[in-house]
Protein chains: 2
Amino acid sequence: MMKATIYDVAREAGVSIAAVSQVINGKGKISEERRAAIVSVMEKLNYKPSVIAAALTGKKTYTLGLLVPDISNPFFAEIARAVEDQGSLHGYSIVICSTDNRDERGENYLSLLEQKSVDGIIIGTGMGGKDMLEKLLAKSVPIAAIAREMSGYDVETVVINDYEGGRLAARHLIELGHTRMAVLAESAKIPSSQERIRGFRDELAAAGLELPPEAVRASERDLVKDGKRNAAALLDSAERPTALFCCNDLLAIGALQGAKELGLRVPEDVSVVGFDNTILASVTDPALTTIAQPTDKLGQLAVDLILGKYEAEPPKQTGASKQRIVLEPALIVRQSTSQPAGRSN
Amino acid sequence: MMKATIYDVAREAGVSIAAVSQVINGKGKISEERRAAIVSVMEKLNYKPSVIAAALTGKKTYTLGLLVPDISNPFFAEIARAVEDQGSLHGYSIVICSTDNRDERGENYLSLLEQKSVDGIIIGTGMGGKDMLEKLLAKSVPIAAIAREMSGYDVETVVINDYEGGRLAARHLIELGHTRMAVLAESAKIPSSQERIRGFRDELAAAGLELPPEAVRASERDLVKDGKRNAAALLDSAERPTALFCCNDLLAIGALQGAKELGLRVPEDVSVVGFDNTILASVTDPALTTIAQPTDKLGQLAVDLILGKYEAEPPKQTGASKQRIVLEPALIVRQSTSQPAGRSN
DNA sequence: TTGAAAGCGATACCAT
DNA sequence: ATGGTATCGCTTTCAA
């Protein structure tokens, strides 16, 4: 059985393909009877218009590309799910592209997506190679940044307030009475990570506390493993910190493991704060206190932005051609944080 | 800047579009000089052939659909990553489709994928509504089942030996000395879950142990939460089991939480075995003993099967038109299992 | 209302 | 070796 085409339907219904096209798209003028007849033939033939053919005539492909570092990282899997759901609401499919933060992979995917004429690209990964990106922008392919700032480019953006996220973590720890803290960071190339640290540091400073540079350790590849190593290094000193702020949950898990290895209890001996509030945070023991990103909202807005379905509530500021939405993070307190040892109740 | 077309290239190079097509596809006969000239024009114009247009003439779309229950479930996210990587190797993109195990969502996605003329569909989720599926099969759209049996359909299949997985879990527990065990299952509709239980039960029987029906509890929606509740119910009795076999890691996490809530220690008071060996299993405390599925291999083979790039080593059995690959699971021992309390060393 | 016909961008067959 | 052209399935004027 071959796939039925618009010609088959037209022939079978005894009308022109133009008529069939009308009913497919619900435009133009057709008598009710004709329309009904055509519809019934379409069903009988199990006819489905080809998106491919339609796209060629200038219509949409109803496909969006989503670039993330790694779809198997729970945070991005959650983002992907949110993007998928919102896209699906508007009839769009999502093509996943895991870049591993490698520039050439990002470039390749971008090029591929262009050839496939996707209707938009949502980027949640760093883009080192800017070439491809600029070409796409020049060809006016809609692009949106999600959860990751794309500084220097005029693209639709939806991110969280990473700076505030860092402050939230700091404030929580300060309120618990911690005074000596350290942080586990992602690669220095990742702006959001830097912002989180800046917020953390500023809030500490406001409380008269300091975060020396050597108290910040960056991890590159295997976040859990590197986090563990870095945490161990940080904690294995006489003047060890009583709390660790980790720039994502994976690092926090590494911290948990590092502490355990040193025979330190969490949170009694050392408090740990994560970031992202992925499923991982709720599953560790102790469960992680972490900063939540509203992944659903992020995905939703990214899709709406790219589809032009989102209109700023306050009349768009003149000048800025692209929108920029900043969502607020939230502190989720679980069991990995407490007062530092030796501090009375 | 508009996207350049084959006509632009032809005009700019002073040749026919046929010639350009030749060099794009590397076929036909063209003199070296001409080819070089055309290539350089293509670069200059930043020309990329449209996959859409090519697909319309009967070529491939280089897109594969992947149906899973939920991409934000770590197991399927890992599967997706494997499929993506292997697809990418052959120039294919992957469209993700999370069905939530809802039949109508599955049907919708199937229909959408058909309209988009994907070159194949990999299914890792139950398909209740068989309608769409049969239509696709009739239209000879390549379909492969991954990690999930699609009984009754003649499709390429790559699964693990779930039965053996269940036996591995049982054997491990039996060797540790457990005699009273229970299991946390997924919905009864999921065949792989049933197979795991069957294997578990058979192995128990072989050791003269029994697994009464009431010792098997199924969870439906929120696996962690349901697992917790079911585990608590199972463990809150005088004759409580000393070990729990859970049909996936999410359920095992629920079991961990349920045990904790009752003040039971894992593994001292109760051993827990998971299934899938997702990242979650390595992150819990205690880390989960679990049965590993080779997700990379599964994804790789599913793609190869659907692309027809996989040839059975032993000359294909006559009769069976589709291949069926069964991979072996492996026991990963971590810290959630030990001898039952009261048993001497 | 309805239908004929001109594209959309690429492929492939067939002359030249 | 090279180019003309029909074709893929659908959308969209433009006449009738």
Side-chain angles (χ1 to χ4, degrees), chain A residues 1-39 41-42 45-63 91 112 114-119 139 141, chain B residues 1-39 41-42 45-63 91 112 114-119 139 141:
Chain A
M1 178 172 108
M2 270 300 290
K3 245 176 90 71
T5 75
I6 197 171
Y7 290 99
D8 300 323
V9 176
R11 187 178 340 104
E12 185 77 13
V15 299
S16 75
I17 61 166
V20 179
S21 181
Q22 308 269 48
V23 355
I24 292 174
N25 299 289
K27 348 174 134 173
K29 280 135 204 338
I30 305 198
S31 60
E32 240 342 293
E33 355 168 22
R34 251 167 141 42
R35 136 169 274 104
I38 293 176
V39 167
V41 171
M42 296 198 306
L45 263 42
N46 186 26
Y47 168 74
K48 301 264 174 50
S50 157
V51 173
I52 296 291
L56 191 56
T57 74
K59 291 192 60 169
K60 321 254 199 70
T61 51
Y62 288 95
T63 303
L112 194 59
E114 183 196 352
Q115 289 194 50
K116 297 204 172 164
S117 313
V118 297
D119 297 329
K139 288 176 188 169
V141 175
Chain B
M1 178 173 109
M2 269 303 290
K3 246 178 89 72
T5 74
I6 196 171
Y7 291 97
D8 300 323
V9 176
R11 187 179 338 108
E12 185 76 14
V15 300
S16 73
I17 60 166
V20 179
S21 183
Q22 308 269 49
V23 356
I24 292 173
N25 298 291
K27 346 174 134 173
K29 312 200 158 297
I30 304 201
S31 64
E32 239 344 289
E33 353 168 22
R34 258 170 134 39
R35 137 170 273 102
I38 292 175
V39 167
V41 171
M42 295 199 307
L45 263 41
N46 187 27
Y47 167 75
K48 303 263 175 47
S50 157
V51 173
I52 296 290
L56 192 56
T57 75
K59 292 192 60 166
K60 320 255 198 74
T61 50
Y62 288 97
T63 302
L112 194 59
E114 183 196 352
Q115 289 193 49
K116 297 203 173 164
S117 314
V118 297
D119 297 330
K139 288 175 187 169
V141 175

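Convention: sequence-line order gives letters A, B, ...; per-chain numbering from 1.
Computed from coordinates, the E33(B) CD to dA1(D) C1' distance equals 11 Å when rounded to whole Å. When rounded to the nearest whole Å, the span between CD of E32(A) and P of dT1(C) equals 11 Å. Following rounding to the nearest Å, K27(A) (NZ) and dT13(D) (C1') show an atom-to-atom distance of 12 Å. Atom pair I24(B):CD1 and dG3(D):C1' shows a separation of 15 Å (rounding to whole Å applied). Rounded to whole Å, atom P of dG9(D) lies 17 Å from atom NZ of K59(B). Taking atom CG of residue N25(A) and atom C1' of nucleotide dT13(D), one finds them 14 Å apart after rounding to whole Å. Distance, Q115(B) CD to dC10(D) C1': 13 Å, rounded to whole Å. Nucleotide dT11(C) holds its P atom 18 Å from the NZ atom of K29(B), rounded to whole Å.
In this structure, OH on Y47(B) lies 11.0 Å from CD1 on I38(B), to the nearest 0.5 angstrom. Interatomic distance, I24(A) CD1 to K48(A) NZ, rounded to the nearest 0.5 Å: 12.5 Å.
Residues satisfying the side chain to side chain contact (heavy atoms under 4.5 Å, CB included) test with S21(B), not counting sequence neighbours, are I6(B), N25(B). When the side chain to side chain contact (heavy atoms under 4.5 Å, CB included) test is applied to E12(B), the partners found at least two apart in sequence or on another chain are V41(B), K44(B), L45(B).
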Under 3.5 Å, N/O pairs linking protein and nucleotides 5-9 of chain C:
| unit_1 | atom_1 | unit_2 | atom_2 | d |
| --- | --- | --- | --- | --- |
| dC8(C) | O2 | L56(A) | O | 3.4 |
| dG9(C) | N2 | A53(B) | O | 3.4 |

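The side chain to side chain contact (heavy atoms under 4.5 Å, CB included) with V9(A) is formed by just one residue from the set V20(A), V23(A), I17(A); it is V20(A).
Side-chain N/O atoms of R34(B) include none lying less than 4.0 angstrom from OP1 or OP2 on dA1(D). Close to dT11(C), at under 4.0 Å from its OP1 or OP2, lies a side-chain N or O of S21(B).
In plain terms, the two heavy atoms of L56(A) and I52(B) that are nearest each other are N-CG2, 4.0 Å. Residues K116(A) and G91(B) come closest through the heavy atom pair NZ-O, 4.4 Å.
Within the nucleic acid shown, V15(B) comes within 4.0 Å of sugar-phosphate atoms alone, with no base atom in reach, counting heavy atoms only.
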